[in-house]
> 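Right, I'll just put the structure down here and ask away after.
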2 protein chains.
Amino acid sequence: MNIGEASKQSLLPTKTIRYYEDIDLIKPARTHSGYRDYDEKDVHRLRFLQRSRSLGFTIEECRLLLSLYDDGNRASADVKVIAEAKIAEIDRKVTELESLKLTLAALAKNCHGDDKPDCPIIDDLAGLRDH
Amino acid sequence: MNIGEASKQSLLPTKTIRYYEDIDLIKPARTHSGYRDYDEKDVHRLRFLQRSRSLGFTIEECRLLLSLYDDGNRASADVKVIAEAKIAEIDRKVTELESLKLTLAALAKNCHGDDKPDCPIIDDLAGLRDH
DNA sequence: CTTGACCTTCCTGTTGCATGAAGGCTTAGT
DNA sequence: ACTAAGCCTTCATGCAACAGGAAGGTCAAG
């Protein structure tokens, strides 16, 4: 099948599929005229990539996961370690975002939000307020 | 003062300060020999940028906030709108991350994490499991 | 045999800087 | 006066993960 069909089946844009080939994540066959020619295994790889990317794994993590996918003898522990590291990373990000939110919410709360120029948010950003 | 001193006072790396000049966020004076020459007002601008960036505002949002900072007659409501939009954006990100975490945690929980090849995480990514 | 949908490669742009090259300026020490 | 360290300058390139578009080749249908 050509790249358009592979795109539909894998839910990945053609641009992304070509990019993945560029960085050696997948190597489809080529037709006589040079068109990329994907088989079912290729589509499975692409779906694997689509799923792992959508779960927040980076390209390099996906590359690692793919190599484990390819290795029928990998230990499940190796995979679990990656997943748990990603979970910890997500936790860190959430914590940081919550902290930012608290700060912004405190600033917004003190701001009248009217048409007057007095604005605690700007004052804070300018370093004019106590911390 | 030269860029090194401005960097210390603003907590921004010199590379970042030059970059901000490149994208027209700040325009310091120049000495006879071509060195950038920052005054107190410049340092205030830089600190303003440092604070707003650290609160998660994008460069373009910072540009907007700076223009409000420069405009002594701005309405505080204009600033509040930006802050609240950012808070909403943070909420969206947190929600998405929590959702990812739930999915990953469910996968990891089912994975034995031993030295056997059977791995529910890989199976899921490969699309071999029900959803 | 032409139209139009699909395909190809290649180049540039995105965000917010970081890294490094090649060279000029300044200041302190000898 | 000279020199070495440590500033400073500009310009070019790279990162992640693609997206958009130009210029041109290919394929199936009418």
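On a predicted model such as this, the values are computed, not experimentally measured, just so you know. The sequence lines fix the lettering, A, B, ..., with proteins before strands; numbering per chain opens at 1.
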> Donor-acceptor pair, A:Ser76 side chain versus B:Gly113 backbone, under 3.5 Å?
yes

> Is any NZ, NE, NH1 or NH2 atom of the basic residue among B:Glu21 and B:Arg36 found under 4.0 Å from an Asp or Glu carboxylate oxygen of the other?
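Looking at B:Arg36 together with B:Glu21, the answer is yes, because their closest N to O distance falls below 4.0 Å.
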
> Counting neighbours of CD on A:Glu5 that are heavy atoms of other residues, nucleotides or ligands and sit closer than 6.0 Å, is the number greater than 12?
yes

> Using a 4.0 Å heavy-atom cut-off, write out nucleotides 8-19 of chain D from 5' to 3' as B (base contacted by protein), S (sugar-phosphate only) or - (no contact).
SBB------BBS

> Taking B:Asp37 first and then B:Arg30, would you say they form a salt bridge - that is, a charged N and a carboxylate O separated by under 4.0 Å?
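Here B:Asp37 does not pair with B:Arg30 in a salt bridge, since their nearest N and O are not under 4.0 Å apart.
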
> Any side-chain heavy atom of A:Leu125 sitting closer than 4.5 Å to one from B:Tyr69?
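A:Leu125 vs B:Tyr69: side chains apart.
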
> Does a salt bridge link B:Glu96 with B:Lys93, judged by any charged N lying under 4.0 Å from a carboxylate O?
no

> So, are B:Lys86 and B:Glu61 salt-bridged, with charged N and O less than 4.0 Å apart?
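Salt bridge: yes.
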
> On DNA chain C, which is the earliest and which the latest nucleotide, 5' to 3', with an atom closer than 4.0 Å to a heavy atom of chain A?
C:dC6 to C:dT9

